Amino acid sequence: MLGGFNAQNMTAAFAMSRTIGIPADKIITAIKSFKGIKRRFEKRLDGEITIFDCHAPTPEKASAVLKELRDIYSGKIIAIFEPNIGGREHEAASKYDDAFKDADTMLIPRLTKLKVAEDNFKSIDGRP
């Protein structure tokens, strides 16, 4: 499993498990057998090109994943990003400054329609 955030999550799970009395050897066995969560820095293709899939729907998470990827991968990085609801709030716009600096190319596809009441949420819609 790749990513410092995964190491942090495993460390927290170990600490919490020890706090409630689970023996260290059982925790380590469980961690070793854990295959990860789909779309959390998951390597989907490794060949002539390498494809990683990571659900990182906010600019902060995208930035962290791209930094991790830049640290471990020497090839060209093309990021395709679709923000979640919080990432589409007008207040979030400034958080995108430098969020994709570790990508060589960054694409935002046509944004999918959000499943929220339109009158309660005015989002960034992707149009210029």
Side-chain angles (χ1 to χ4, degrees):
M1 288 178 31
L2 301 171
F5 53 89
N6 282 321
Q8 291 169 351
N9 289 340
M10 283 185 255
T11 301
F14 183 92
M16 181 183 70
S17 299
R18 285 297 298 135
T19 299
I20 63 171
I22 299 173
D25 60 326
K26 286 191 177 198
I27 302 167
I28 292 167
T29 298
I31 289 172
K32 284 181 180 179
S33 68
F34 183 63
K35 302 290 184 215
I37 298 172
K38 293 218 56 78
R39 300 195 67 216
R40 295 295 191 268
F41 218 170
E42 178 182 9
K43 188 181 280 189
R44 301 290 295 264
L45 180 66
D46 195 10
E48 194 172 315
I49 64 168
T50 303
I51 297 175
F52 292 93
D53 186 5
C54 188
H55 175 73
T58 65
E60 299 91 345
K61 290 178 182 174
S63 179
V65 167
L66 289 168
K67 182 183 180 337
E68 294 274 351
L69 192 54
R70 179 59 68 204
D71 288 346
I72 63 167
Y73 183 70
S74 61
K76 184 175 183 178
I77 297 173
I78 300 171
I80 302 171
F81 177 78
E82 182 177 12
N84 68 358
I85 292 172
R88 292 192 200 181
E89 293 176 337
H90 287 278
E91 296 79 23
S94 65
K95 295 179 182 176
Y96 288 97
D97 294 347
D98 296 324
F100 302 100
K101 67 179 181 238
D102 286 308
D104 296 298
T105 302
M106 201 285 287
L107 306 168
I108 296 179
R110 181 180 305 216
L111 300 177
T112 56
K113 183 165 176 55
L114 295 173
K115 297 176 185 174
V116 296
E118 295 289 331
D119 55 333
N120 294 333
F121 183 79
K122 304 293 183 210
S123 72
I124 297 171
D125 61 12
R127 289 181 282 208

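A quick note: this is a predicted structure, and the numbers were derived from the prediction, not measured. Just so you know, these numbers use all the heavy atoms, side chains as well, and skip hydrogens, waters and symmetry mates.
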Task: Ile77 side chain near Leu66 side chain, heavy-atom distance below 4.5 Å - done: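 Heavy-atom side-chain distance check passes, below 4.5 Å.
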TODO: Quick one: list whatever passes side-chain hydrogen bond (donor to acceptor under 3.5 Å, both in side chains) with Arg70, sequence neighbours left out.
DONE: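 For Arg70 the side-chain hydrogen bond (donor to acceptor under 3.5 Å, both in side chains) partners, ignoring immediate neighbours, are Asp104.
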My understanding is that only residues two or more places apart in sequence, or in another chain, count here; which of them pass side chain to side chain contact (heavy atoms under 4.5 Å, CB included) with [X]?
X     : value
Ile80 : Leu107, Pro109
Ala12 : none
Lys26 : Ile22, Pro23

Open item on the list: For residues Ile78 and Tyr96: do they belong to one hydrophobic cluster (side chain heavy atoms under 4.5 Å, members Ile, Leu, Val, Met, Phe, Trp, Tyr)?
Closed with: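 They do not share one cluster, since no chain of ILVMFWY contacts under 4.5 Å joins Ile78 to Tyr96.
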Task: Distance in Å, Ser74 OG paired with Leu69 CG, rounded so as to fall on 0.5 Å steps - done: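 CG of Leu69 is found 10.0 Å from OG of Ser74.
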Open item on the list: Checking the side chain of Thr19 only, and the main-chain atoms of Ala15 only, is there a donor and an acceptor separated by less than 3.5 Å?
Closed with: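 Checking the backbone N and O of Ala15 against the side chain of Thr19, a donor-acceptor pair under 3.5 Å is found.
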Open item on the list: Running the 4.5 Å side-chain criterion over Ile, Leu, Val, Met, Phe, Trp and Tyr, what cluster does Ile51 land in, apart from itself?
Closed with: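 Leu45, Ile49, all in the cluster of Ile51.
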Task: Passing option when Ile27 is tested against Met16, Met10, Arg18 for side chain to side chain contact (heavy atoms under 4.5 Å, CB included) - done: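 When Met16, Met10, Arg18 are each tested with Ile27, the side chain to side chain contact (heavy atoms under 4.5 Å, CB included) holds only for Arg18.
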- [ ] Would you please name every residue forming a salt bridge (charged side-chain N to carboxylate O under 4.0 Å, His left out) with Asp46, sequence neighbours left out?
- [x]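 Only Lys43 meet the salt bridge (charged side-chain N to carboxylate O under 4.0 Å, His left out) criterion with Asp46.
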Task: Counterpart residues, salt bridge (charged side-chain N to carboxylate O under 4.0 Å, His left out), relative to Lys67 (two or more places apart) - done: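 With sequence neighbours excluded, Lys67 shows a salt bridge (charged side-chain N to carboxylate O under 4.0 Å, His left out) to Asp71, given in chain and number order.
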